[in-house]
Every structure is written in structure tokens, then in C-alpha cells.
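The structure appears right after this line, and notes come after that.
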Amino acid sequence: MEAVTPMQEVLDHINATIGQNPDRGKTASYIPDLANVDLNQFGIAVCLADGREFHAGDALTPFSSQSVSKVFAVALALGKVGDGLWSRVGREPSGLAFDSIMLLERENGRPRNPFINAGAIVTTDTYLAGSTPKEALGGLLRFVRDAAEDSDIHINDAVARGEMETADRNFALAYYMKSHGNLSHDPQLTMGTYCHQCAIDMSCVQLARAGRFLLGGVKGLGPRLVSKTRARRIQALMMTCGHYDGSGDFAFRVGLPGKSGVGGGILAIAPGKASIAVWSPGLNSYGNSKLGTEAMEALAKAQDWSVFN
Ligand code: GLU
């Protein structure tokens, strides 16, 4: 039998090779707080189902979770309205950029999935029902903190402000859905909540720990936050829709469900085995972390992790 390289060695190697690659992609440019992040950072963290944890590089540095937060938002919204969410948002990959407006018009204001911006805005609108934005965001933060077993996870106000100031296209999506009766709140309220949701900061270690709620049966992790069926479905969405129009490419290269954000973070799940977070702020042409994707590919290969085994 082939000897298995210890996890810490694998992560150190990934950090020393891929993590130091000079060809790092470009940071998101739409707000200074993302544009000015040091491109030379790279972190990776793994939580195994047996409770062991490993990390390498800048894995303790907080970064903007951006669209990775959509994983937690959809779990919260499903907890609130159950399958009712699917009358407002679909479950199909879009094949288009994260903020595309094109399909919305063709499909009467019902977004393709909860991980493109339009679908995430509807998801936010769903968990906002019956509460103030502050209460709703409090509920989301509670979910993330419970999942990570860490109360030191916060919303970055400067990022939230920057998001709001540059959210013209997201506002357009929100108003368009409102015109189709697919937004329950004033777009200002929903968008304010959405922009704060995107501005949750987490380190790789915090994100990998938070991702354990999808893993199930993790040693030492408290009660399940979502049912097994729901966790499977969220992972199915991550697999098919988690990387925008690069979702097929990520599935092909990595073979694991994952969700990326323009802050350069990726959360991936090796079902039953591990929750993995990687961060490198430079993005590829799809808007997904360039080195993060490469690192996930290398780790999955090294561990022989794939949903297609
Ligand atoms: N805050 C970003 C937006 O809504 C999130 C995009 C992303 O991470 O992909 O434009």
C-alpha cells in the first residue's frame, strides 16, 4: 500500500509551492478594501471529521468572505422557510457571471440559483422576513459563530459600506426582482442586509471550522445545525453552482463541492471526510481565487478526495 503523506506535510508543501507562485491573479477592484489587500498572502486550513485540524500559511489572517457567506445564508433561509425557498429561486447553474442580469429577464425575475447575486439577494430577503436587518444579521452571525464554535467572527463595516456604495448592479437586480413580485422588502433594506452579509470576515481556520456544519458527525462539534438531507442539498448546490460560470471547471479539477468569494476565499467539503478553507486574494478570469483553486486541486489529489470516487 502507498504510504499516505501526513496532512501537515501536504499543507506545508502546498503553501511552499502553489502558495508562493508569482502568477497570482488580480484582486477584486470594485472596492478599495478588497483591491488593496496584499496579493502575496496565502492560507489553507483543514478540519477532519475525526476532529483533527491543520493549517499552513496565512491561515489565521481574516479576509472578506464575500460570496462564501452565501452558503451560510442559504442554510439560514432554508431553516426559516424550508423548501418554500425554491418557489423564489432555482437550483440550476447559470453559466453566466455572478452579477449577470440576462437570465433574470428571460426567467421572469426568478434567479437560477442561490449562489449567483440575484439568487443570494432573494435568499437574504427570505431570512430577513419578520426581523430588522440588524436582527437578521445577528441571526446569520450566530449561525456562523455556532458553526465555527468561535464568537470572534465579525462584519467588517468598511467593506459593508464600500459594497453599498458600489452596489448599483445588485440594486438593479433587486429592483428587477421586486417588479416581478420576487422581493418582499424595500430593496434598500434587503440590499443593506446583503452587503453586510458579504462583509463577514473570517480566517481560513474559522471558515474551515464553520464549514463543518456540512460535514456531519464531526467529533467534538456540538449538535447538528442542519439535517443530513439539507447538508447534502447545500453541497449539491455548491458542486453545481458554487463557482459561477467556473463551476464546471472547479468540479472537473477538484471534484468536491465548493463555494468561492471575490475576497479570494474558497470553502470546500470532502463529504464525510473534511471541511477545507483556502484563501489567496488574487482571482482568475471567473472571479474565483486563482491559487485557491490550484491549492484545492492539489490537496484533493494528494488525499484522493473526490465525490466521484
Ligand atoms: N459582494 C459581492 C457582490 O455582491 C460578492 C460577489 C462575490 O463574492 O462573488 O458583488
Side-chain angles (χ1 to χ4, degrees), residues 25-37 62-74 89 93-102 104 111-125 127-128 133 137 140 144 155-177 183 187-202 207 210 237-238 240-247 249-250 258-268 277-290 292-293:
K26 288 195 183 103
T27 53
S29 57
Y30 68 99
I31 53 171
D33 284 276
L34 294 183
N36 297 335
V37 173
F63 60 89
S64 192
S65 64
Q66 292 293 325
S67 285
V68 182
S69 67
K70 292 170 183 171
V71 172
F72 305 96
V74 82
V89 58
S94 73
L96 293 170
F98 64 99
D99 56 356
S100 172
I101 201 159
M102 210 157 78
L104 258 195
R112 275 277 172 108
N113 68 67
F115 290 156
I116 49 171
N117 281 11
I121 292 166
V122 167
T123 305
T124 301
D125 193 61
Y127 77 70
L128 180 56
L137 287 164
L140 181 66
V144 176
I155 290 171
N156 182 323
D157 286 325
V159 172
R161 231 175 298 122
E163 294 286 331
M164 256 326 240
E165 282 162 9
T166 55
D168 297 335
R169 187 181 277 248
N170 284 333
F171 266 103
L173 295 169
Y175 277 102
Y176 191 76
M177 293 190 288
L183 206 79
Q188 283 287 342
L189 279 189
T190 306
M191 281 303 303
T193 312
Y194 171 78
C195 287
H196 281 77
Q197 170 192 310
C198 290
I200 296 176
D201 274 355
M202 268 185 271
L207 180 58
L237 290 167
M238 290 165 75
T240 51
C241 314
H243 281 71
Y244 309 117
D245 44 339
S247 298
D249 189 58
F250 189 84
K259 181 76 202 87
S260 73
V262 292
I266 302 176
L267 171 67
V278 63
W279 169 59
S280 176
L283 308 178
N284 62 21
S285 60
Y286 298 116
N288 302 315
S289 176
K290 180 180 180 291
T293 306

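First listed ligand is number 1; within each ligand, the first listed atom is number 1. The residues of the chain are indexed from 1 along the displayed sequence. Predicted, not measured: the structure shown is a model, and the values here were computed from it.
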Compare all side-chain heavy atoms of [X] with those of [Y] and state whether any distance is below 4.5 angstrom.
| X | Y | value |
| --- | --- | --- |
| V278 | I266 | yes |
| S100 | Y244 | no |
| M164 | F171 | yes |
| V159 | Q66 | yes |

Taking all atoms of both residues into account, what is the closest heavy-atom pair of V68 and G265, and its distance?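 That would be CG2-O, 3.6 Å.
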Can you sort out the partners of D249 under side chain to side chain contact (heavy atoms under 4.5 Å, CB included), two or more places apart, ordered by chain and number?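 D249 satisfies side chain to side chain contact (heavy atoms under 4.5 Å, CB included) with R253, Y286 once adjacent residues are dropped.
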Residues around ligand 1, heavy atom under 4.0 Å from any ligand atom, sorted by chain and number. Can you pull those?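 Close residues (ligand 1, cut-off 4.0 Å): Y30, Q66, S67, F98, N117, E163, N170, Y194, C198, Y244, G261, V262.
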